[in-house]
**Q** 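Before I ask anything, here is the structure I am working with.
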Number of protein chains: 2
Amino acid sequence: MDQQKICPRFEKALKILNHSWNTLLIYQLLEGPQRYSTIKNQVGISSRVLAERLKELEIENIVNRTVIPSTPVMIEYELTEKGHALAPALKAIEQWSSTWVNIEE
Amino acid sequence: MDQQKICPRFEKALKILNHSWNTLLIYQLLEGPQRYSTIKNQVGISSRVLAERLKELEIENIVNRTVIPSTPVMIEYELTEKGHALAPALKAIEQWSSTWVNIEE
DNA sequence: TAAACTAAGTTACGAAATGTAAGTTAAAAA
DNA sequence: TTTTTAACTTACATTTCGTAACTTAGTTTA
């Protein structure tokens, strides 16, 4: 009666990527390692949610967190290998958006 | 001071795709045209949100809605050309998930 | 010596989005 | 006449989100 259910790995991937802001954060980090405040300014996300998402992405091993011992401390975030491996997917979305998405209305 | 901001088209694409369930719904519809109840059962989404999302995807011209005049009426949903054009992006995510995502803990 | 400044968060709280379960509609089969 | 069905819709409780103010500790400024 049931057809094939959706693959659990794919479903988990979407659960991570579709959690609001996550894809945009990964996209932003494709530019290279960046500090908390830089990401915040570039992406336009709130402190609360940014901290929450970076923690999530760190736990998922998509993002790496490095403390720079200065005063005050700075924190640098960068993509892991797993994170970088998302580049083709993001480029595909970028490609799609440039062809199909229009902003005017 | 500011570096380059994120492209508005890409940002809009993510806004649509990252709205919860949307990507999964599109992925499901890659299988072919399907009725409301089929989608609901396959994806495991609630009635309320499914109706809401299908409406959104229809407005975005990603999904097409067709009434089948039976009793009771059936509704068939299918991807538009714009919707089908997302296949490469979804395949890229699928590819990534098969390499990098594991479910066990 | 004290007040001000900084980066990276955290907290409190109201607003918006989500899940759950029950209700609606119209025609046809029982 | 009651029941059934598909595709929603509604009401309501729970969860998530955005906003803005607060925290922490070492350093420069007054």
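Residue numbers begin at 1 in each chain, while the letters A, B, ... track the order of the sequences. The analysis underlying the following values was restricted to heavy atoms, covering all of them including side chains, and did not include hydrogens, waters or symmetry mates.
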**Q** Write down the distance between CG (B:Asn41) and C1' (D:dA6), rounded to a whole number of angstrom.
**A**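 Taking CG of B:Asn41 and C1' of D:dA6, I get 12 Å after rounding.
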
**Q** Is B:Lys55 salt-bridged to B:Glu58, going by a charged N under 4.0 Å from an acidic O?
**A**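 Here B:Lys55 does not pair with B:Glu58 in a salt bridge, since their nearest N and O are not under 4.0 Å apart.
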
**Q** Is there a salt bridge (charged side-chain N to carboxylate O under 4.0 Å, His left out) between A:Glu52 and A:Arg48 once you walk through the steps?
**A** CA-CA 6 Å; A:Glu52 203 173 287; A:Arg48 200 185 64 72; 3.0 Å; yes

**Q** Just N and O in the side chain of B:His19: are any of them under 4.0 Å from OP1 or OP2 of D:dT16?
**A**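 Answer no for this pair, as no side-chain N or O of B:His19 is under 4.0 Å from OP1 or OP2.
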
**Q** Any chance the side chains of B:Glu76 and B:Tyr36 put a donor and an acceptor closer than 3.5 Å?
**A**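 Side chains of B:Glu76 and B:Tyr36: no pair found under 3.5 Å.
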
**Q** A:Ile45 CD1 to D:dA20 C1': how many Å, rounded?
**A**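 After rounding, the reported distance stands at 16 Å.
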
**Q** Of all the choices, D:dC8, D:dT10, D:dA7, which nucleotide is nearest to the side chain of B:Arg48 once you look at every atom?
**A**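 My answer, after comparing the listed nucleotides, is D:dT10.
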
**Q** Please tell me which of A:Pro72 and A:Glu52 maps to the more 5' nucleotide of DNA chain D, matching each residue to the nucleotide holding its nearest heavy atom.
**A**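 The residue closer to the strand's 5' end, by nearest nucleotide, is A:Glu52.
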
**Q** Linking I/L/V/M/F/W/Y whenever their side-chain heavy atoms sit closer than 4.5 Å, directly or via other members, would B:Val63 and B:Val67 fall into one cluster?
**A**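 Both belong to a single hydrophobic cluster.
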
**Q** Which other residues end up in the same hydrophobic cluster as B:Ile68, if Ile, Leu, Val, Met, Phe, Trp and Tyr are linked when side-chain heavy atoms come under 4.5 Å apart?
**A**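 Besides B:Ile68, the cluster holds B:Met74.
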
**Q** I need the CE-C1' distance between B:Met74 and D:dA7, as an integer number of Å.
**A**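 In whole Å, D:dA7 C1' and B:Met74 CE are 11 Å from each other.
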
**Q** Does D:dA7 have its OP1 or OP2 closer than 4.0 Å to a side-chain nitrogen or oxygen of B:Ser37?
**A**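 B:Ser37 to D:dA7 OP1/OP2: side-chain N or O found under 4.0 Å.
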
**Q** Does this structure show an ion pair linking B:Glu56 with B:Lys15, if we count only N-O contacts that are shorter than 4.0 Å?
**A**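 Result for this pair is no, no salt bridge flagged.
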
**Q** Of all nucleotides in DNA chain C that come within under 4.0 Å of a heavy atom of chain A, which is furthest toward the 5' end and which toward the 3' end?
**A**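 Listed 5' to 3', the contact boundaries are C:dT6 to C:dA12.
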
**Q** What are the residues of residues 53-69 of chain A, sorted by number, that bring a heavy atom to within less than 4.0 Å of DNA chain D?
**A**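 Those residues whose heavy atoms fall under 4.0 Å from DNA chain D, taken from residues 53-69 of chain A in numerical order, are A:Arg53.
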
**Q** Would you sort out whether B:Lys12 and B:Glu60 count as a salt bridge (charged side-chain N to carboxylate O under 4.0 Å, His left out), showing the intermediate values?
**A** CA-CA 11 Å; B:Lys12 178 163 184 203; B:Glu60 292 298 341; 3.7 Å; yes

**Q** Contact class for A:Ser20 vs. all strands (heavy atom < 4.0 Å): base, sugar-phosphate, or nothing?
**A**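 Answer is sugar-phosphate: A:Ser20 comes under 4.0 Å of backbone atoms only.
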
**Q** Can you list the steps and then say if A:Tyr77 with A:Thr66 is a side chain to side chain contact (heavy atoms under 4.5 Å, CB included)?
**A** CA-CA 6 Å; A:Tyr77 291 93; A:Thr66 308; over 6 Å; no

**Q** Under 3.5 Å, is there a donor-acceptor pair linking the side chains of B:Thr80 and B:Asn64?
**A**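 No pair is found: no donor N or O on one side chain lies under 3.5 Å from an acceptor on the other.
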
